[in-house]
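Basis for what follows: all heavy atoms, side chains included, without hydrogens, waters or symmetry-related copies. Residue numbering restarts at 1 for every chain, and letters A, B, ... go by the order of the sequence lines.
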Protein chains: 2
Amino acid sequence: MPRTSTKAAAPARRLASDYRLEDQVGFLLRRAYQRASSNLVERIGSYDLTAPQYATLARLYERGALSQNLLGRLVAMEPANIRDVVLRLKKRRLVATRRDPTDKRLILIDLTAAGTALIEQLIPIEIECTATTLAPLKANERKQLYDLLGRLADG
Amino acid sequence: MPRTSTKAAAPARRLASDYRLEDQVGFLLRRAYQRASSNLVERIGSYDLTAPQYATLARLYERGALSQNLLGRLVAMEPANIRDVVLRLKKRRLVATRRDPTDKRLILIDLTAAGTALIEQLIPIEIECTATTLAPLKANERKQLYDLLGRLADG
DNA sequence: CCGATATTGTTATGATCATAACGATATCGA
DNA sequence: TCGATATCGTTATGATCATAACAATATCGG
């Protein structure tokens, strides 16, 4: 039987102001994202896809070919990061790249047939996963959460 | 003047089910956390501290000496990750480590005087930062967000 | 037209982050 | 007591993640 150890706690000490880490939004958001992310990986992990990789494929599915930079903004990733994700997806032949003829700076990213087939298979799974993550909340609460998170993210 | 490029968007195509990435909690949570985290780094970055490092110091300040493993659980980090954070904080003499006499498996982590002084200086800054992050929300909405996030994270 | 400014993609660095496998130590249960 | 099981810390691997600096290309304003 597992034992959730609570060992080694020292007696309370120090100034002990009213501060609690739990009251900081950033900490709560990080934990909630951890939960959502692990829910997703549980379900799509067998396809060897991470959450950011999934989001990248989903975006391409929604929008069609996109420049690497715009794709990164649409999945909220820095240029240096989206680059690595695209490289991995490209290595697996889930996306293909080509130069933009009219703007030599741009690299256009697009789903391959294999990538399209995969994301079409995964989307229903992720929708189910979202439902699981939201299970602790009632319908009206979910709507509220979306509204609040959206306003936080958009600043 | 910066130009937010929206180039290279291909015409809408494919099955175009009703799926939208924005409707997935995980994506919203990730973006909201990015925002909160960058708000924090903006303010405490000059102290060369990251959000997880801050959380670690704050936890130690709240609870006193903790085993590395328990500390990790209390800041929501895997054993392998909290280890690295502790090593960095230890290298900067913000925390100190010692063996637990009664359980040879445990390493007890505690704030040094310097670590205590630093976190006491930072806590007010972070409280202010939380306020900034929550600025888009009204008081009752903040309370609601906390409730909803807490229930999500705890499953 | 053409130089100042912006944007895109790349490279490098350092810090998370999750997972699996492993030895050492503790604890449980027959 | 003693073997099965659990926990703790470590190591290794691979994938984010943010930032700064850089060259190539585009765009803007005079």
[X] [atom1] to [N] [atom2]: how many Å, rounded?
X	N	atom1	atom2	value
A:Leu66	C:dG9	CG	P	11 Å
A:Asn69	C:dG9	CG	P	5 Å
B:Lys104	C:dT25	NZ	P	6 Å
B:Leu106	D:dT7	CG	C1'	9 Å
B:Asp103	D:dC8	CG	C1'	8 Å
A:Ile109	C:dT8	CD1	C1'	12 Å
A:Leu71	C:dT7	CG	C1'	16 Å
B:Leu108	C:dT25	CG	C1'	15 Å

- request: Compare all side-chain heavy atoms of A:Tyr61 with those of A:Leu118 and state whether any distance is below 4.5 angstrom.
  value: no
Residues in side-chain hydrogen bond (donor to acceptor under 3.5 Å, both in side chains) with [X], at least two apart?
X	answer
A:Asp23	A:Arg20
B:Glu78	none
A:Arg83	none

- prompt: Can you pull the salt bridge (Lys or Arg N to Asp or Glu O under 4.0 Å) pairs that have at least one residue in residues 134-147 of chain A, sequence neighbours excluded?
  reply: A:Glu141-B:Arg151, A:Asp147-A:Arg151
message: Please list all pairs meeting salt bridge (Lys or Arg N to Asp or Glu O under 4.0 Å) that have one or both residues in residues 27-43 of chain B, counting only residues at least two apart or in different chains.
response: A:Asp154-B:Arg31, B:Arg43-B:Glu128
query: Considering residues at least two apart in sequence or located in another chain, which fulfil the side-chain contact (heavy atoms from CB on, under 4.5 Å) criterion with B:Thr130?
result: A:Gln24, A:Val25, B:Glu126, B:Leu134, B:Tyr146
field: For B:Lys90, side-chain contact (heavy atoms from CB on, under 4.5 Å) partners two or more places apart
entry: B:Val95, B:Thr97
message: Does a side-chain N or O of B:Arg73 approach OP1 or OP2 of D:dC8 to a distance below 4.0 Å, or not?
response: yes
query: Side-chain N or O of A:Arg83 less than 4.0 angstrom from OP1 or OP2 on C:dT8?
result: no
message: I'd like to compare against my own output: the B/S/- annotation of nucleotides 14-22 of chain D with a strict under-4.0 Å heavy-atom distance to protein.
response: -SBBBB---
message: With each end axis built from five pairs of C1' atoms, what bend angle do you get for the helix from C:dC1-D:dG30 to C:dA30-D:dT1? Round to 10°.
response: 40°
A:Arg105 side chain, from C-beta outward: closest of C:dG9, C:dA26, C:dA6: C:dA6
field: Between B:Thr132 and B:Asn39: side-chain donor-acceptor atoms closer than 3.5 Å
entry: no
